[in-house]
Colleague: 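Structure provided below as structure tokens; questions to follow.
Side-chain atoms are counted along with the backbone in the values below, which use heavy atoms only and exclude waters and symmetry mates.
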Amino acid sequence: MKFTDSRIADLIVSRIREMGLNLRVMHVCGTHQDTIVKNGLDVLFARCNVEMRQGPGCPVCVTPPKEFEEAKLLAKKGCILTVFGDVVRVPIEGGSLADLRGEGCDVRVVYSVEDAVKVAKSTNKNVVFMAIGFETTAPSTASVLINEPPENFYVLSCHRYVPPALDALLSMGELKLDGLIDPGHVSTIIGLKPYEVLTAKYRIPQVIAGFEPLDLLMAVFMIARQLSNGEAKVENEYTRLVRYEGNQKALSIMNSAFEPCDVAWRGFGVIKNSGMKIKKEFQGHDARLAFEDELKVIRDKEFKEPVGCRCSEVIRGLIYPQECPLFGKVCTPNRPIGPCMVSIEGSCNIEYKYGRLSLRFNRS
């Protein structure tokens, strides 16, 4: 089956329309947002009276300023800092991690945690890997930790669990949501069970979706069908890759190296048990412990968001990027003010990439 077949798309859309519902649905995945915007699905949804919002689905965007400041400080103290490409350009006080190179700091972009290990093996200097990502990428970091990395290799764990953030979002009640589209990548690792807890608690329909246009159309149809039938359950549209139990091997590796801890998210504040703390057995590679003395100067310091930036509201789905007064004017991919314009999974970056500098249709 072609996942872009327009005849099937028309059929799904007509079925959604026939149900005559007025829905607000949130998804929590940057790749979903790219598919939606690239293919104009949000315009199509609006014609079916379905309003689509993106939640905290970009790992770079939800990482708060303080964790970038930790990385910055370690680079200034002489560590080789290794990061993913879109992390290096996120604005923080005084510039970005990339700007540190002008001060003589060694900040390197890597494509995987394994690349960071290679850097450590090639030098006697201390190497810190700023580990950003959800359950999708955390198993790779965990695999390195449990396989005896070099003594001079350290992880600054900024990994996070998605379900606690969804719990926090729903408990805040800032938006009345009729359904959630759960992230396909994360779900390949965690399966369906963590979402069932949320549906039981909030009685909200959820559908795990793939990344093709028909995947997302079907996800909305399945949510609408649940509501029409008076149901609230977790369904799996992405059956070609997601299993009920998830990826047990990846989960086992991840749980071997990390344990839940309370951590702050940009736009949310502290969310209980949403962070991944390196377990005691591997604390020799925990950057926060190894460089505790260096980091203590910012331990209790607060770091503000960039002036005028509304990324925090974009991340919670309260506004669309175009509703931020900086969007497309002083905040662009070339000169980003906030992380949502930097990250390829950020809402602002995606809207800008496809040239949608203004709201061109009624989404309300």
Colleague: Please give me the minimum heavy-atom distance between Val127 and Ala120, naming the atom from each residue.
Modeller: CG2-CA, 3.6 Å

Colleague: Rounded at 0.5 Å granularity, tell me how far OG1 in Thr137 sits from CE in Met254.
Modeller: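 Going from the OG1 atom of Thr137 to the CE atom of Met254 covers 10.0 Å.
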
Colleague: Any donor and acceptor pair, going by atom type alone, linking the side chain of Asn349 with main-chain N or O of Met341 inside 3.5 Å?
Modeller: yes

Colleague: Given Val155 and Val144, is the side-chain contact (heavy atoms from CB on, under 4.5 Å) satisfied, shown in steps?
Modeller: CA-CA 10 Å; Val155 171; Val144 166; 5.9 Å; no

Colleague: So which of Val90, Val88, Val109 actually passes side chain to side chain contact (heavy atoms under 4.5 Å, CB included) with Leu97?
Modeller: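 So the option named by the test is Val88.
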
Colleague: So which of Arg299, Arg288, Lys301, Lys296 actually passes salt bridge (charged side-chain N to carboxylate O under 4.0 Å, His left out) with Glu70?
Modeller: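 That would be Arg288; it is the only one of Arg299, Arg288, Lys301, Lys296 passing the salt bridge (charged side-chain N to carboxylate O under 4.0 Å, His left out) with Glu70.
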
Colleague: Between Glu323 and Arg310, does any NZ, NE, NH1 or NH2 come within less than 4.0 Å of an OD or OE carboxylate oxygen?
Modeller: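 No, no charged N to carboxylate O under 4.0 Å.
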
Colleague: Please, which pairs that meet ring pair (Phe, Tyr, Trp, His ring centres under 6.0 Å) have at least one residue in residues 64-102, sequence neighbours excluded?
Modeller: Phe84-Phe129

Colleague: Provide the closest heavy-atom pair for Ile208 versus Gly191 in the form atom of the first, atom of the second, distance.
Modeller: CD1-O, 4.2 Å

Colleague: Would you give the length of the straight line joining atom OG of Ser6 to atom CG of Leu11, rounded to the nearest 0.5 angstrom?
Modeller: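 Answer rounded to 0.5 Å: 11.5 Å.
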
Colleague: Can you sort out the partners of Phe327 under ring-ring contact (aromatic ring centres under 6.0 Å, His included), two or more places apart, ordered by chain and number?
Modeller: none

Colleague: With clusters defined by side-chain heavy atoms of hydrophobic residues (ILVMFWY) lying less than 4.5 Å apart, directly or transitively, does Val37 cluster with Ile344?
Modeller: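 Result: no, two separate clusters.
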
Colleague: I'd like to know if Leu216 and Leu177 are part of one continuous hydrophobic network [Ile/Leu/Val/Met/Phe/Trp/Tyr, side-chain heavy atoms within less than 4.5 Å].
Modeller: no

Colleague: Does Ile92 form a side-chain contact (heavy atoms from CB on, under 4.5 Å) with Phe303? I'd like the steps, not just the answer.
Modeller: CA-CA 9 Å; Ile92 50 180; Phe303 294 93; over 6 Å; no

Colleague: When you measure from the side chain of Asp286 to the backbone of Gln283, do you find a donor-acceptor pair of N or O atoms at a distance under 3.5 Å?
Modeller: no

Colleague: Check whether any side-chain N or O of Ser343 sits under 3.5 Å from a backbone N or O of Pro339 as a donor-acceptor pair, and report yes or no.
Modeller: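 The answer is no, because no donor-acceptor pair under 3.5 Å joins these two groups.
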
Colleague: Do Val87 and Met130 touch side chain to side chain, with heavy atoms closer than 4.5 Å?
Modeller: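 Answer yes - side chains close enough.
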
Colleague: With distance as the sole test, does Asp167 use its side chain to make a donor-acceptor pair with the main-chain N or O of Pro164 at under 3.5 Å?
Modeller: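 Checked: no pair found.
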
Colleague: Should Val28 and Val197 be counted in the same cluster of Ile, Leu, Val, Met, Phe, Trp and Tyr side chains packed under 4.5 Å apart?
Modeller: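 Looking at the clustering, Val197 is in a separate group from Val28.
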
Colleague: Is it the case that one hydrophobic cluster holds both Met26 and Ile36, taking links as side-chain heavy atoms less than 4.5 Å apart, direct or via other members?
Modeller: no

Colleague: Given 3.5 Å as the limit, does a donor-acceptor pair link the side chain of Ser256 with the main chain of Ser252, or not?
Modeller: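 Confirmed, Ser256 side chain pairs with Ser252 backbone.
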
Colleague: Is the number of heavy atoms from other residues, nucleotides or ligands within 6.0 Å of CZ (Arg101) greater than 12?
Modeller: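 Atom CZ in Arg101 is crowded, with more than 12 foreign heavy atoms closer than 6.0 Å.
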
Colleague: Does NZ in Lys193 sit with more than 12 non-hydrogen atoms of other residues, nucleotides or ligands closer than 6.0 Å?
Modeller: no

Colleague: Do Gln206 side-chain atoms and Asp182 backbone N/O form a donor-acceptor pair below 3.5 Å?
Modeller: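 No: the side chain of Gln206 does not pair with the backbone of Asp182.
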
Colleague: Which pairs with one or both residues in residues 161-209 pass ring pair (Phe, Tyr, Trp, His ring centres under 6.0 Å), sequence neighbours excluded?
Modeller: His185-Phe211

Colleague: Yes or no on side-chain contact (heavy atoms from CB on, under 4.5 Å) for Asn152 and Lys125, after CA distance, side-chain angles and deciding distance?
Modeller: CA-CA 7 Å; Asn152 62 332; Lys125 290 186 175 182; 5.8 Å; no

Colleague: Could you check if a side-chain atom of Ile181 sits within less than 4.5 angstrom of a side-chain atom of Met52, using non-hydrogen atoms only?
Modeller: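 When only atoms from C-beta onward are counted, Met52 and Ile181 do touch, with a gap below 4.5 Å.
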
Colleague: Got a salt bridge between Asp293 and Lys77, using NZ or NE/NH1/NH2 to carboxylate O under 4.0 Å?
Modeller: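 Judged by the 4.0 Å cut-off on N to carboxylate O distance, Asp293 and Lys77 do not form a salt bridge.
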
Colleague: With no hydrogens and no angle check, is any side-chain donor or acceptor of Ser96 less than 3.5 Å from a backbone partner on Pro91?
Modeller: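 Flag not set: sc Ser96 to bb Pro91 has no pair under 3.5 Å.
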
Colleague: For residues His27 and Thr35, determine if any side-chain heavy atom of one lies less than 4.5 Å from a side-chain heavy atom of the other.
Modeller: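 Not touching, per the 4.5 Å side-chain cut-off.
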
Colleague: Indicate yes or no for a side-chain donor-acceptor contact from Ser228 to the backbone of Ala224 under 3.5 Å, with no hydrogens or angles considered.
Modeller: yes

Colleague: How far apart are the C-alpha atoms of Glu294 and Lys76, what are their side-chain angles, what is the distance that settles it, and do they pass the salt bridge (Lys or Arg N to Asp or Glu O under 4.0 Å) test?
Modeller: CA-CA 10 Å; Glu294 287 84 351; Lys76 284 191 169 185; over 6 Å; no

Colleague: Can you tell me how far the NE2 atom of His285 sits from the CG atom of Leu156, to the nearest 0.5 Å?
Modeller: 15.0 Å

Colleague: Among the clusters formed by ILVMFWY side chains lying less than 4.5 Å apart, do Ile189 and Leu166 turn up in the same one?
Modeller: yes

Colleague: Are more than 12 heavy atoms, taken from residues, nucleotides or ligands other than Arg240, located less than 6.0 Å from that residue's CZ atom?
Modeller: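 Yes - once you tally the heavy atoms of other residues, nucleotides and ligands closer than 6.0 Å, there are more than 12.
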
Colleague: Are any of the side-chain nitrogens in Lys72 or Glu93 under 4.0 Å away from the carboxylate oxygens of its partner?
Modeller: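 Result for this pair is no, no salt bridge flagged.
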
Colleague: Taking the side chain as everything from C-beta on, heavy atoms only, tell me whether Cys311 gets closer than 4.5 Å to Glu305.
Modeller: no

Colleague: Looking at residues at least two apart in the chain, or sitting in another chain, which of them share a side-chain hydrogen bond (donor to acceptor under 3.5 Å, both in side chains) with Ser140?
Modeller: none

Colleague: Donor-acceptor check, side chain of Asp178 to backbone of Val25, threshold 3.5 angstrom: yes or no?
Modeller: no

Colleague: A side-chain contact here means heavy atoms from C-beta on lying under 4.5 Å apart; do Leu192 and Val242 qualify?
Modeller: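 Yes - at least one pair of side-chain heavy atoms lies under 4.5 Å apart.
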
Colleague: Any salt bridge linking Arg108 with Asp115? Criterion: basic side-chain nitrogen under 4.0 Å from a carboxylate oxygen.
Modeller: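 Salt bridge flag = no for Asp115 with Arg108.
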
Colleague: Give me the atom names and distance for the closest heavy-atom approach of Ala232 to Arg203.
Modeller: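 Taking Ala232 first and Arg203 second, the nearest heavy atoms are CB-CG, 3.5 Å.
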
Colleague: Looking at every heavy atom in both Cys309 and Gly338, which two are closest together, and how far apart are they?
Modeller: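 Minimum heavy-atom contact is SG-CA, 3.7 Å.
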
Colleague: May I ask you to decide if Cys61's main-chain N or O and Arg266's side chain share a donor-acceptor pair within less than 3.5 Å?
Modeller: yes

Colleague: Where do Phe282 and Leu145 come nearest, in terms of heavy atoms and distance?
Modeller: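 That would be CD2-O, 3.4 Å.
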
Colleague: Between Thr123 and Ile80, what is the shortest heavy-atom contact and its length?
Modeller: CG2-CD1, 3.9 Å

Colleague: Using distance only, find each side-chain donor-acceptor pair of residues 271-281 under 3.5 Å and give its atom names and separation, not counting sequence neighbours.
Modeller:
residue : atom : partner : partner atom : Å
Ser274  : OG   : Trp265  : NE1          : 2.7
Ser274  : OG   : Ile271  : O            : 2.8
Lys279  : NZ   : Asn255  : O            : 2.6

Colleague: Which one of Glu231, Glu235, Glu237 satisfies the salt bridge (charged side-chain N to carboxylate O under 4.0 Å, His left out) criterion with Arg225?
Modeller: Glu235

Colleague: Taking ring-ring contact (aromatic ring centres under 6.0 Å, His included) as the definition, give me every residue that meets it alongside Phe153, ordered by chain and number, with sequence neighbours left out.
Modeller: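 None.
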
Colleague: Is the count of non-hydrogen atoms from other residues, nucleotides or ligands lying under 6.0 Å from Asn147 atom CG greater than 12?
Modeller: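 Yes.
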
Colleague: Would you check, one step at a time, whether the test side-chain contact (heavy atoms from CB on, under 4.5 Å) holds for Met172 with Leu318?
Modeller: CA-CA 12 Å; Met172 292 166 80; Leu318 299 180; over 6 Å; no

Colleague: Nearest 0.5 Å, what's the CG-CD1 distance between Leu217 and Ile16?
Modeller: 6.0 Å

Colleague: Should Arg160 and Glu67 count as an ion pair when the cut-off is N to O under 4.0 Å?
Modeller: yes

